[in-house]
Amino acid sequence: MRLLVVEDDKDLNRQLFTALEGAGYAVDRAYDGEEAQFLGETEPYDAIVLDLGLPKKDGVSVLEAWRAAGRSAPVLILTARDRWSDKVRGFDAGADDYVAKPFHMEEVLARLRALLRRSAGHATAELVSGLVRLDTRASRVLVDGNPVKLTSHEYRLLSYLMHHAGRVVSRAELVEHLYDQDFDRDSNTIEVFVGRLRKKLGVDLIQTMRGLGYLVENAELSEQAAKAGAGGGPTGKRGA
Ligand code: CA
């Protein structure tokens, strides 16, 4: 998952960056409204943390510009405490959630997890596919109940595929969502990461769809299939 942090307060920007990177996200940063608007319009972020009081262009105007340009990434706004009118303007401009300053970093992390899973169509913090459980709260992965130690890149890759289970994800999409702006991107490294991840998981979770990308099966669908048994049953895929 790749995030954008927009905050002109350098200390706060760094604190957010450190916490989010530590939680396993790829993170880009902007310090004013114009830079933020440009990045938000050109890069495919999975979620954005947006301060409202910014130099050059205020946060609400930036958000309005993103929405007008059809950019739909979930946005968590940072507002000053007691400025209820800021929250109203923010929501009206297309914000999905807010945190009032000063905030606890844990709350920002929890709200982002909720935004990310909801935008991918999941209601719970734990994603399950077959024998693999991914706990987004602890950035932890269990295979058949046993913890598996992954590097942050491997976790990011698995988390992205499991958030988008049931859909084929191309290598180009993975490159865009797993690395920050400054990373030396090379789609061949994705294959290497997938290989390592498969080895560590030791189960048949990630399917290669030749020429298209990778697929992790949707847990609900595989459960339904198991219940239906070999005799068949509905085969229609839900969602897209
Ligand atoms: Ca500010």
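These numbers come from a predicted model, not from an experiment. Every number for a ligand or one of its atoms is a count from 1 in the order of the listing.
Rounded to the nearest 0.5 angstrom, L76 CG and D96 CG are separated by 9.0 Å. How far CG of L12 is from CG of D51: 7.5 Å, rounded to the nearest 0.5 Å. For the atom pair NZ of K57 and CD of E34, the computed distance is 7.5 Å after rounding to the nearest 0.5 Å. To the nearest 0.5 Å, atom NZ of residue K101 and atom CD of residue E7 are 3.5 Å apart.
At a cut-off of 3.0 Å, D51 is counted among the residues with an N, O or S atom near the Ca ion (ligand 1). Using a cut-off of 3.0 Å, one finds that D8 contributes an N/O/S atom close to the Ca ion (ligand 1). For L78, every N, O or S atom stays at 3.0 Å or more from the Ca ion (ligand 1).
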